[in-house]
Protein chains: 2
Amino acid sequence: MSLPHAILTALLEKPSSGLELTRRFDKSIGYFWSATHQQIYRELGRLEQAGHIRALPAPVPARGQRKEYEVLPAGRAELGMWVARQEDPKPLRAALLLRMRAAAVVGATGLRAELSRHLDLHRKQLAEYLEIEARDFPPERRHTEPDRLRHLVLRGGIDMERFWVEWLTNALAELGTE
Amino acid sequence: MSLPHAILTALLEKPSSGLELTRRFDKSIGYFWSATHQQIYRELGRLEQAGHIRALPAPVPARGQRKEYEVLPAGRAELGMWVARQEDPKPLRAALLLRMRAAAVVGATGLRAELSRHLDLHRKQLAEYLEIEARDFPPERRHTEPDRLRHLVLRGGIDMERFWVEWLTNALAELGTE
DNA sequence: CGTTCTTCTGCAACTAGTTGCAGAAGAGGA
DNA sequence: TCCTCTTCTGCAACTAGTTGCAGAAGAACG
């Protein structure tokens, strides 16, 4: 039940149309909660139905017509509840770890190449995050609570990528001597 | 498309019935690829259909009757292919990061408690992994390739939990001064 | 022996996420 | 003006994962 809340958050930051949301998900929010435009349109419909958001009045409501949404008080309230709600962390889903375990059974042929490919991808992602940090969170932008929270979120992404880079580097080193 | 391969791996390690698999998923494999008994039964049916596994001959095949499965050569081959296949890492899905970002918009009321609760859960998980490491991977068990691979998988879990523990500790420290 | 409890398998119906495609609106060029 | 290309919205149909429940087999106990 996270997607509707992701959308509420994005809409509170800035009222948007479906496609604008999709683009923003491809960037910042999607870094830790991705969604396709399909999911987003469907969820916007549900949120409107539930009275959590509303479409800003458009001249001619019609198919193919751009619709801007904004959050209603009920939506903001729901988001506030959700922030404090108890919700256990979902168990990790790491296909690469699974593949490594399979490799222990059927042999690691071809696994090394996959590992270096992933290492490369994670290095790139890490670099991108660090760039964002340098650009959006200079020291003077770390004082208000909202800024600190946003920065902590980004740190989460950064440290997560660091974890992968380190783990993959180590794995390659350990398998390299075979 | 990871669940069938998770099941193949588990069955290669040891032929099992559906419920045995479920239990083993609750333990080791489920640490990075969880599944309910329902998913497992359905997938066993598909894998049998596809000729990747077969049920060991049972005296009286009937509903409610325990069925042991074993992997056929075609299943092993498929798993071998999968280990080397190119498959991009799925974007992270971390609801807690999302909630923190929402908190930056609607206020962090109640978030601290949730963070400490998660910190506690991740500490426990980390302790469990470290116990497994001490028990199953003493230094002399780290020489053959399969052992090294299995150990690397576990290290992945350990380092991932360490990441969460550190990030949460840091987040609490930074929000604590408010 | 019969009743009850647990184990094991599985169906049905749901929610969440993905993929392919199509139609309306508007911009831009011949 | 008409044609085409892009933008934006959305339907339909799929796969993956979850939840609730039920029926058969066998063990456990009177």
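Each chain gets a letter, A, B and so on, in the order the sequences are listed, and its residues count up from 1. What you are looking at is a predicted structure, and each value in this text was computed from that prediction instead of being measured. Quick note: numbers below take in every heavy atom, side chains included, and nothing from hydrogens, waters or symmetry partners.
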Tell me: [atom1] of [X] to [atom2] of [N], nearest whole Å?
X     : N      : atom1 : atom2 : value
A/D26 : C/dT18 : CG    : P     : 12 Å
A/Y69 : D/dC8  : OH    : P     : 14 Å
A/F25 : C/dA16 : CZ    : C1'   : 14 Å
A/M1  : C/dC14 : CE    : C1'   : 14 Å
B/L98 : C/dA16 : CG    : C1'   : 15 Å
A/L19 : D/dG10 : CG    : C1'   : 12 Å
B/Q38 : D/dA22 : CD    : P     : 14 Å
A/E20 : D/dC8  : CD    : P     : 8 Å

Charged tip of B/R99 within 45° of A/W82 ring normal and under 6.0 Å: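 Relative to the ring axis of A/W82, which defines the angle, B/R99 lies inside both limits.
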
So which of B/F163, B/W164, B/Y129 actually passes ring-ring contact (aromatic ring centres under 6.0 Å, His included) with B/H122?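 In the set B/F163, B/W164, B/Y129, the residue that makes a ring-ring contact (aromatic ring centres under 6.0 Å, His included) with B/H122 is B/W164.
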
Both B/K90 and B/G18 contact DNA chain C. Which one's nearest nucleotide lies toward the 5' end?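 Going by which nucleotide is closer to the 5' end, it is B/G18.
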
Distance only, no hydrogens: is a donor on one side chain within 3.5 Å (strictly under) of an acceptor on the other, for [X] and [Y]?
X      : Y      : result
B/R93  : A/S2   : no
B/S16  : B/R23  : no
A/Y31  : A/E128 : yes
B/E133 : B/H151 : yes

For A/T22, answer base if it contacts any base atom (sugar-phosphate contacts may also be present), sugar-phosphate if it contacts only those atoms, and nothing otherwise; contact means non-hydrogen atoms under 4.0 Å.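 Result for A/T22 = nothing.
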
Closest listed nucleotide, where the reference is the side chain of B/H37 and the choices are D/dT18, C/dT9, D/dG17: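 When the side chain of B/H37 is considered, C/dT9 is the closest of D/dT18, C/dT9, D/dG17.
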
Phosphate contact (C/dC8 OP1 or OP2) by B/R23 side-chain N/O below 4.0 Å: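 Answer yes for this pair, as a side-chain N or O of B/R23 is under 4.0 Å from OP1 or OP2.
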
D/dG10 phosphate, OP1 or OP2: any side-chain N/O from A/K67 under 4.0 angstrom?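 For A/K67, the contact criterion (side-chain N or O under 4.0 Å from OP1 or OP2 of D/dG10) is met.
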
Pull out every residue in residues 39-52 of chain A that has a heavy atom closer than 4.0 Å to any atom of DNA chain D, ordered by number, or say none.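 DNA chain D contact set from residues 39-52 of chain A: A/Y41.
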
Is it true that atom NZ of B/K14 has more than 12 heavy atoms of other residues, nucleotides or ligands lying nearer than 6.0 Å?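 Result for NZ/B/K14: enclosed.
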
